[in-house]
J.: 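Before I ask anything, here is the structure I am working with.
To find a chain, count down the sequence lines: A is the first, B the second, and so on, and within it residues start at 1.
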Number of protein chains: 2
Amino acid sequence: MSTRESVWLRGERPHRDRRLTREQIVGVTIGILDAEGREALSMRRVASGLGVSPGALYWYVTTKDHLMELALDAVLGEVLEGLQGAPGVPDWRSALSRIAGGSRAMFLRHPWVLADLATQPNLGPNALALADAGLEILADAGFADEDLDAALAAINDHVAGAVVAENAWRSVAARMGADGDDWTEQAGDYLKEIEERHPRLAARMAASGKIDIDQECARRFEFGLACLLDGLESRLP
Amino acid sequence: MSTRESVWLRGERPHRDRRLTREQIVGVTIGILDAEGREALSMRRVASGLGVSPGALYWYVTTKDHLMELALDAVLGEVLEGLQGAPGVPDWRSALSRIAGGSRAMFLRHPWVLADLATQPNLGPNALALADAGLEILADAGFADEDLDAALAAINDHVAGAVVAENAWRSVAARMGADGDDWTEQAGDYLKEIEERHPRLAARMAASGKIDIDQECARRFEFGLACLLDGLESRLP
DNA sequence: ACCTGAACACCGTTCAAGT
DNA sequence: ACCTGAACACCGTTCAAGT
């Protein structure tokens with residue numbers, strides 16, 4: 001209970017006649033998370049997806065939290081894979097942009113990851129490899145010591161934060177679109193109130209209603225990233 | 001189920017002989033979340049904290065999610081309060097820094113808020129007021145239209161991201177410190193592996209072990225924020 | 001070694017029935 | 001109008017017992 005140790009500190013067990021693999025289990029876990037979201041995930045659901053009784057999972061995985069850690073690291077692996085085949089890149093700015101872009105795409109594919117990252121620290125092998133890749137680029141660029149950590153952290157923060165905002169925007173927009181009149185009727189009063197109290201904010205909200213979300217989110221992401229990279233560049237020793 | 005509407009679209013009910021208030025309920029909710037974390041929060045726990053049966057809560061609040069929305073907006077209000085009494089500030093950079101710093105402090109007081117923000121969009125009155133305050137500063141500084149949104153988003157992202165990273169660091173450090181030998185024994189093999197595969201990363205981890213976390217996290221936060229503000233400033237029309 | 005089935009101690013939410 | 005008590009349909013996790 002109090003000592004919540006990580007999956008990565010325990011090896012996988014020896015085996016003889018297993019029907020299941022951790023890989024399989026993690027696979028259907030990710031499938032459920034992607035398709036139905038975090039709330040829909042339960043051990044019982046995973047088990048039934050594998051045609052097995054709930055208790056069986058505990059032979060492969062000590063806890064639901066551990067399973068989540070495994071799922072999280074698996075999707076971080078996707079970012080690394082995307083980096084593998086890609087051609088070399090001239091400068092550190094575009095090298096970092098590529099990692100950031102790949103991470104953003106992954107977060108958009110697996111929205112549940114973000115809440116997970118906010119909940120528990122993440123020390124899986126893919127997470128470490130990804131961090132190391134970022135450090136390499138920044139170290140080659142000339143950053144060292146604490147500035148190295150701070151620079152990488154700043155970029156990671158922006159990526160995660162931008163996707164959180166994007167998802168929030170999307171879900172609100174979906175809600176407005178889906179049940180149309182029904183929604184605006186209920187929300188009408190509240191929107192009126194916003195207009196009175198915060199005309200500036202209301203104007204921005206109204207403006208963003210007429211915009212292509214995909215495009216604007218991508219633009220915002222690049223905008224913030226460029227600001228950050230500019231600031232970093234001017235701090236190079 | 002599918003249509004998850006927000007608390008803010010429904011008013012509070014009329015009343016006659018209530019024993020409870022939303023305020024009280026939200027109060028003990030925040031208390032539990034602060035003291036024992038998100039997992040420990042249950043309707044039954046809140047009810048018993050108020051000396052009332054679980055079902056009674058549903059007279060005041062339609063759902064646990066709604067209660068969380070209320071709690072979230074309540075703590076966002078703390079940031080606004082912190083802004084009220086403060087003296088005027090010369091430039092837009094320090095005005096924004098003050099909001100960012102206040103938000104960071106709030107996130108550190110209530111770590112559960114971060115996972116919540118990542119999960120559901122947040123349209124409470126305090127959230128809106130806070131956003132408007134940020135917009136005002138940036139608009140006065142000279143930003144407009146989409147750049148205005150993007151600039152505010154970039155700053156918010158940094159604040160949230162930085163605190164997530166800080167919490168992660170803290171929890172790992174606490175784990176290492178608490179059960180000392182027990183932990184390092186288990187983690188030893190894994191750390192060895194990291195050293196082999198990612199020497200650069202291992203070096204950074206080792207270095208950060210000797211550092212004062214509070215101080216370094218504050219430094220990192222300011223570093224990223226300064227980068228961002230520099231980048232923004234150079235993009236002023 | 002691996003899996004089933006049943007159980008334990010919890011959940012959120014509903015709803016009759018009381019006051 | 002407000003609250004209780006009991007119930008429903010779920011959880012995660014454990015563990016004897018089977019193979």
J.: Find the distance L50(B):CG to dC2(D):C1' and express it as a whole number of Å.
T.: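 It is 15 Å, rounded to the nearest whole Å.
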J.: Among dT4(C), dT13(C), dC2(C), which is the nearest nucleotide to the side chain of A56(A)?
T.: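 The nucleotide sitting nearest to the side chain is dT4(C).
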J.: So do E136(A) and D132(A) actually touch side chain to side chain, heavy atoms under 4.5 Å?
T.: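 A side-chain contact is absent here, since even the closest heavy-atom pair is not under 4.5 Å.
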J.: Give a yes or no on whether a salt bridge exists between D116(B) and R38(B), defined as a side-chain N under 4.0 angstrom from a carboxylate O.
T.: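 Between R38(B) and D116(B) there is a salt bridge, with a charged N closer than 4.0 Å to a carboxylate O.
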J.: Rounded to whole Å, please give me the gap between CZ in R44(B) and P in dA6(D).
T.: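 About 13 Å, once rounded to whole Å.
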J.: Can you name the nearest heavy-atom pair linking L41(A) to K64(A), along with the distance?
T.: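 In terms of heavy atoms, the two residues are closest at O-NZ, 3.1 Å.
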J.: Measure from CH2 on W59(A) to C1' on dC2(C) and round the result to the nearest Å.
T.: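 Atom CH2 in W59(A) sits about 6 Å away from atom C1' in dC2(C).
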J.: Phosphate oxygens OP1/OP2 of dC3(C): is one of them under 4.0 Å from a side-chain N or O of Y60(A)?
T.: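 Yes, within the criterion.
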J.: Looking only at side-chain atoms of S42(A), point me to the closest of dC11(D), dT13(D), dC3(C).
T.: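 Comparing dC11(D), dT13(D), dC3(C) against the side chain of S42(A), the answer is dC11(D).
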J.: Just checking S53(A): base, sugar-phosphate only, or nothing, at a heavy-atom cut-off of under 4.0 Å?
T.: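 Base: the residue S53(A), judged by heavy atoms under 4.0 Å, touches a nucleobase.
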J.: Does the salt bridge (Lys or Arg N to Asp or Glu O under 4.0 Å) test come out yes or no for R197(B) and E193(B), once each step is laid out?
T.: CA-CA 6 Å; R197(B) 269 207 284 240; E193(B) 227 186 295; 2.8 Å; yes
J.: Counting the atoms with a prime plus P, OP1 and OP2 as sugar-phosphate, which does L57(A) contact under 4.0 Å by heavy atoms, base, sugar-phosphate, or nothing?
T.: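 L57(A): no heavy atom of the nucleic acid under 4.0 Å.
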J.: With the threshold set at 4.0 Å, does a side-chain nitrogen-carboxylate oxygen contact exist between E166(A) and R170(A)?
T.: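 So E166(A) pairs with R170(A) through a salt bridge.
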J.: Can you tell me the distance, in whole Å, between the NZ atom of K64(B) and the P atom of dC11(D)?
T.: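 The answer, rounded to whole Å, is 15 Å.
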J.: If you compare every side-chain N and O of T63(A) against the phosphate oxygens of dT13(D) (OP1, OP2), does one of them come in below 4.0 Å?
T.: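 So the side-chain polar atoms of T63(A) do come within 4.0 Å of the phosphate oxygens OP1 or OP2 of dT13(D), strictly under.
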J.: Thinking salt bridges, do R109(B) and D34(B) make one under a 4.0 Å N-O criterion?
T.: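 Between D34(B) and R109(B) there is no salt bridge, as every charged N stays at least 4.0 Å from the carboxylate O atoms.
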J.: Report the distance from atom CZ of R38(A) to atom P of dG12(D), rounded to the nearest whole Å.
T.: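 Taking atom P of dG12(D) as the reference, CZ of R38(A) is at 12 Å.
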J.: Output the rounded distance in Å from OH (Y58(B)) to C1' (dT4(D)).
T.: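 In whole Å, dT4(D) C1' lies 15 Å from Y58(B) OH.
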J.: Got a minute to check which stems DNA chain D is part of, using Watson-Crick or G-U wobble pairs under 3.5 Å, three or more consecutive?
T.: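 For DNA chain D the paired stretches long enough to count as stems (3 pairs minimum) are C:4-8 with D:12-16, C:12-16 with D:4-8.
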J.: Can you tell me the distance, in whole Å, between the CE atom of M43(A) and the P atom of dC8(C)?
T.: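 Spelled out: CE on M43(A) to P on dC8(C) is 22 Å.
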J.: Please determine whether side chain to side chain donor-acceptor pair (under 3.5 Å) holds for the pair E216(B) and S208(B), giving the CA-CA distance in whole Å, both sets of side-chain angles, and the decisive distance to 0.1 Å.
T.: CA-CA 9 Å; E216(B) 176 57 14; S208(B) 65; over 6 Å; no
J.: Rounding to an integer number of Å, can you tell me how far E36(B) CD sits from dC11(C) P?
T.: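 Value for this atom pair: 11 Å.
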